[in-house]
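The next block holds one structure in the form of structure tokens; read it before the comments.
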Amino acid sequence: VKRTVQDLMAAGAAGCFLEDQAWPKKCGHMHGKQVIPAEEHAVKIAAAREVVGDRDFFIVARTDARSVTGLDDAIRRANLYIDAGADACFVEAPRSDEALM
């Protein structure tokens with residue numbers, strides 16, 4: 001993660017998405033996805049934040065947990081990822097606007 005973020009910054013990128021889906025990745029709306037442990041992904045986000053420091057680079061943490069482990073876990077993960085240093089979090093596969101409130 002650190003090297004990827006360094007390379008992105010060196011190339012002039014303004015930010016990146018870091019997602020918690022297990023390899024091999026699948027389209028966010030397909031069945032059979034898996035997610036890595038939330039704490040493992042939080043460590044990756046913290047590593048990215050460490051590289052970024054106070055420079056202008058936006059980290060978005062994406063979680064696919066909504067369709068794998070449920071909305072409550074997706075929200076827990078989103079909060080953990082923000083605490084780890086993400087600037088924003090994208091919860092994949094909401095089923096309604098209300099679910100995002």
Side-chain angles (χ1 to χ4, degrees):
V1 170
K2 287 183 175 185
R3 181 174 176 191
T4 298
V5 171
Q6 289 170 340
D7 289 349
L8 287 168
M9 291 174 66
C16 70
F17 275 73
L18 297 173
E19 58 185 86
D20 63 3
Q21 196 180 131
W23 187 261
K25 309 274 187 205
K26 294 188 175 191
C27 171
H29 300 287
M30 296 194 66
H31 296 288
K33 294 180 305 218
Q34 295 180 348
V35 291
I36 64 173
E39 294 72 18
E40 180 181 333
H41 193 56
V43 169
K44 292 180 181 185
I45 293 165
R49 175 54 55 205
E50 182 182 323
V51 170
V52 172
D54 62 355
R55 291 174 284 186
D56 189 19
F57 188 84
F58 201 80
I59 298 171
V60 180
R62 171 186 162 137
T63 182
D64 281 275
R66 169 70 182 90
S67 62
V68 178
T69 57
L71 181 59
D72 288 342
D73 186 49
I75 291 169
R76 180 187 72 81
R77 286 168 175 265
N79 288 326
L80 180 64
Y81 300 163
I82 293 294
D83 291 345
D87 295 300
C89 192
F90 174 70
V91 176
E92 170 61 27
R95 295 190 179 150
S96 68
D97 290 343
E98 292 77 29
L100 298 175
M101 302 295 176

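Being a predicted model, the structure only gives us computed values, none of them experimental. Just so you know, residue 1 is the first one in the sequence shown, and it goes up from there.
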Check: Which heavy atom in Val5 sits nearest to a heavy atom in Ala48, and how many Å separate them?
Finding: CG2-CB, 3.8 Å
Checklist line | Close side-chain approach of Gln34 and Val68, heavy atoms under 4.5 Å | finding: no
Next item on the list: Could you pull out the closest heavy-atom pair between Ala61 and Ile45, with the gap in Å?
Entry: CB-CD1, 3.6 Å
Next item on the list: Mind listing the closest non-hydrogen atom pair of Glu92 and Asp64 along with its distance?
Entry: CG-OD1, 3.2 Å
Note to self: Is any side-chain heavy atom of Phe57 closer than 4.5 Å to one of Leu8?
What the structure shows: yes
Notebook entry, point to check: Less than 4.0 Å between a side-chain N and a carboxylate O, is that true for Arg76 and Glu39?
Noted result: yes
Item checked: Check ion pair Arg3-Asp7 (N to O, under 4.0 angstrom) -> yes
Next item on the list: Could you check if a side-chain atom of Arg49 sits within less than 4.5 angstrom of a side-chain atom of Asp87, using non-hydrogen atoms only?
Entry: yes
Note to self: Could you report the tightest heavy-atom contact between Ala65 and Ala74, atom names first, then the distance?
What the structure shows: CB-CA, 4.0 Å
Margin query: Less than 4.5 Å apart, side chain to side chain, heavy atoms only: is that true for His41 and Thr63?
Written below: no
Next item on the list: Of all the heavy-atom pairs spanning Ser67 and Lys33, show the shortest one and how long it is.
Entry: OG-NZ, 2.8 Å
Notebook entry, point to check: Same cluster for Ile82 and Ile75 if Ile/Leu/Val/Met/Phe/Trp/Tyr side chains link at under 4.5 Å?
Noted result: no
Item checked: From Arg62 atom CZ to Leu18 atom CG, the distance as rounded to the nearest 0.5 Å -> 12.0 Å
Check: How many angstroms lie between atom CD of Gln21 and atom CD1 of Ile36, to the nearest 0.5 angstrom?
Finding: 10.5 Å
Notebook entry, point to check: Once you round to the nearest 0.5 Å, how far does CD of Glu19 lie from NZ of Lys44?
Noted result: 10.0 Å
Notebook entry, point to check: Transitively linked via ILVMFWY side-chain contacts under 4.5 Å: Phe90 with Tyr81?
Noted result: no
Item checked: Minimum heavy-atom distance Ala78-Val91, with the two atoms named -> CB-CG2, 4.3 Å
